[in-house]
Each structure stands twice: as structure tokens, then as C-alpha cells.
Amino acid sequence: MPQVKLEGFHAVKHAVRFGARVERVVVLDRDSALRLARSHAPDLVAVFGAAEVVPVAEFERVVGRTHPTGVGGVAAGPVGPEVRRDAPVVLLDNPRNLGNLGAVVRVAAGFGAGGVWSTGDVDPWHPTVVRAGAGLHFAVPVARLTGGLEDVDGPVVAFDAGGVDVRDFRVPDDAVLAFGSERHGLSDAVRGRADVVVSLPMRPGVSSYNLTTSVAMALYHWELFRRDR
């Protein structure tokens, strides 16, 4: 099974906390790692206390690069939880920026989204994406759609300027929330599959939001208004 590199304390922390099969944890300084654990993850002090202390060269070999926290590891993967349909799944339509994709995973995990899917040729488990997601790929299902949109079940809610104001729309729990690429927006295929197109409130003269901001706003709207049901 391929390995997923865990770069930094938080990536290791999240991977362990959410059930990844972490095969190795390495640290440059055990005392420093334990201080981080005591202040940021007291539930995992034993994990970092048992970490392997290695020199810089070995750390870079295992993790792929150095890291300011001096903590890293590797986990078996890509493996994550099963997709849930009692919460919206985020669909990224041909994303191009690896950092944005990882940041979306982090936001989706925070809101308890049903999953993060992507189309296109960017690997959502690319090391740069995992780095930006801070190890939270193991907290939310993350996968690339290879079978086309015909395999997508549930109402597809596409986000694009000119759509219905999202404040006048209730996001269903089983919705697929579709967001276009940073440069080109929604593809014709996704727009054609959408059951409804909605827009986020935006001040006149502002052209767009960052992709991660848009996803966060959409999931917050879902979380806020589902409480009234």
C-alpha cells in the first residue's frame, strides 16, 4: 500500500487522532515534541513520547523535507473514512491549486462534511495537498471522481455568480456542493448536472472569493440553517 507523508506535528496529530495507520513517527528532539503534545494534544502525549529520534538527514529522507516543528511521519494510505450522505459532499470541479485543495479538505473536516471529491487530473492525495490539509485527509473522505458525474447521487448545488442567492436556499443534508476551478469556474458538465445554481453574497465590484473561503461560507450556511429544522 502506498505511504502518505505526514509533515509536521499537526499532520501527525490528526492522522493518529482520526484512525490512520501511522507506521512511523520521527522527531528531531523528543522534549520539544512532548512540549507540543502537552500543549496541543494532551491525548497523544504517549504517541509522541514513543516517537523515534532521528538526525536531520533521516528526518528529511522519511518526511521528504524538514519542518519547523521537527515532527513528521508516514501513514498507510491513501485511506480515509467512508463517504457519508447525512452531510454535504464538496465537489471541486477540476481544481488547479494544490494548496487550495488541501485547505478545502481542512475546512470540510472541520464542518464534518460528508466528503471531498474532485474532478480533473490533480491527485487530491498529492503530498502538497496533504500538507495543506494538515493530516485531515484521514478525518474526511477524500477522492478523485473517475467515473463521471453520472455516479454522483443526490441534489447537486453548484456555486456560481448569477445564481439564486444562497441566503434564500436551504442546503439539503445529502447535497453535493460543486465549486468551479480558480481560473475557469464551473465546467459545462457540472453546470449541466446541477439541480440548482446558487451564489454567495458579495459586495459590488469584488469579482470572486478564494475557493476555500467559498467552501467555508457554503458549509457554514448549511450548518447554521440546519439547526432550524
Side-chain angles (χ1 to χ4, degrees), residues 1-54 58-60 62-90 92 98-118 123-144 173 177 212 215-216 219-220 222-223 226:
M1 179 178 290
Q3 289 185 324
V4 176
K5 294 182 184 297
L6 305 171
E7 300 181 25
F9 173 83
H10 294 293
V12 174
K13 173 190 72 177
H14 287 140
V16 172
R17 188 174 282 166
F18 288 100
R21 199 174 81 202
V22 178
E23 298 175 342
R24 191 178 182 190
V25 178
V26 294
V27 299
L28 295 177
D29 182 276
R30 192 186 311 281
D31 290 340
S32 176
L34 282 171
R35 282 194 296 271
L36 282 171
R38 292 186 184 109
S39 61
H40 291 82
D43 55 317
L44 300 178
V45 167
V47 171
F48 291 100
E52 181 182 354
V53 180
V54 297
E58 176 64 5
F59 185 96
E60 292 179 349
V62 173
V63 181
R65 54 193 280 168
T66 188
H67 193 275
T69 63
V71 177
V74 290
V79 177
E82 295 293 324
V83 174
R84 294 170 35 228
R85 296 315 311 270
D86 59 345
V89 173
V90 175
L92 303 182
L98 300 179
N100 279 347
L101 208 168
V104 166
V105 170
R106 195 168 185 174
V107 165
F111 277 103
V116 177
W117 293 335
S118 65
D123 179 7
W125 283 83
H126 186 282
T128 301
V129 181
V130 175
R131 182 187 316 137
L136 285 164
H137 281 60
F138 297 98
V140 62
V142 178
R144 179 166 48 185
D173 290 344
L177 308 181
T212 310
V215 172
L219 288 173
Y220 181 77
W222 161 72
E223 173 64 28
R226 74 170 178 155

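The structure displayed is predicted, hence computed values, not measured ones. When a residue number appears, it is its place in the shown sequence, counting from 1. What you see below is based on every heavy atom in this structure, not just the backbone, and it leaves out hydrogens, waters and symmetry mates.
Here the side chain of Arg38 pairs no donor or acceptor atom with the backbone of Val45 at under 3.5 angstrom. A distance-only check finds a donor-acceptor pair linking the side chain of Arg84 to the backbone of Gly112 [under 3.5 Å]. Without hydrogens or angle criteria, Thr69 side chain to Phe9 main chain gives a donor-acceptor distance under 3.5 Å. Judged by distance alone, the side chain of Trp222 and the main-chain N or O of Ala87 form no donor-acceptor pair under 3.5 Å. Not one N or O on the side chain of Lys5 forms a donor-acceptor pair closer than 3.5 Å with the backbone of Pro127.
Taking 4.5 Å as the limit, every side-chain heavy atom of Val53 sits out of range of all side-chain heavy atoms of Asp29. Under the 4.5 Å side-chain criterion, counting only non-hydrogen atoms from C-beta, Val22 is not in contact with Val74. Two residues are said to be in side-chain contact when any heavy atoms from C-beta on lie closer than 4.5 Å; Val90 and Leu92 meet this criterion. Between Phe138 and His14, every side-chain heavy-atom pair lies at or beyond the 4.5 Å cut-off. Annotation: side chain of Val129 is not in contact with side chain of Asp123 (no heavy-atom distance under 4.5 Å). Put simply, the side chain of His40 reaches to within 4.5 Å of the side chain of His10, judged on heavy atoms. Taking 4.5 Å as the limit, some side-chain heavy atom of Trp117 sits within range of a side-chain heavy atom of Val83. The closest side-chain heavy-atom distance from Phe48 to Val12 is below 4.5 Å.
Enclosure of atom CZ in Arg131 by more than 12 non-hydrogen atoms of other residues, nucleotides or ligands within 6.0 angstrom is indicated.
Distance CG/Leu101 to CZ/Arg144: 10.5 Å, rounded to 0.5 Å. Taking CZ from Arg17 and CG from Leu44, the interatomic distance works out to 5.5 Å, rounded to the nearest 0.5 Å. Taking CZ from Arg65 and CZ from Phe59, the interatomic distance works out to 10.5 Å, rounded to the nearest 0.5 Å.
Residues Ala75 and Ala20 come closest through the heavy atom pair CB-CB, 4.3 Å.
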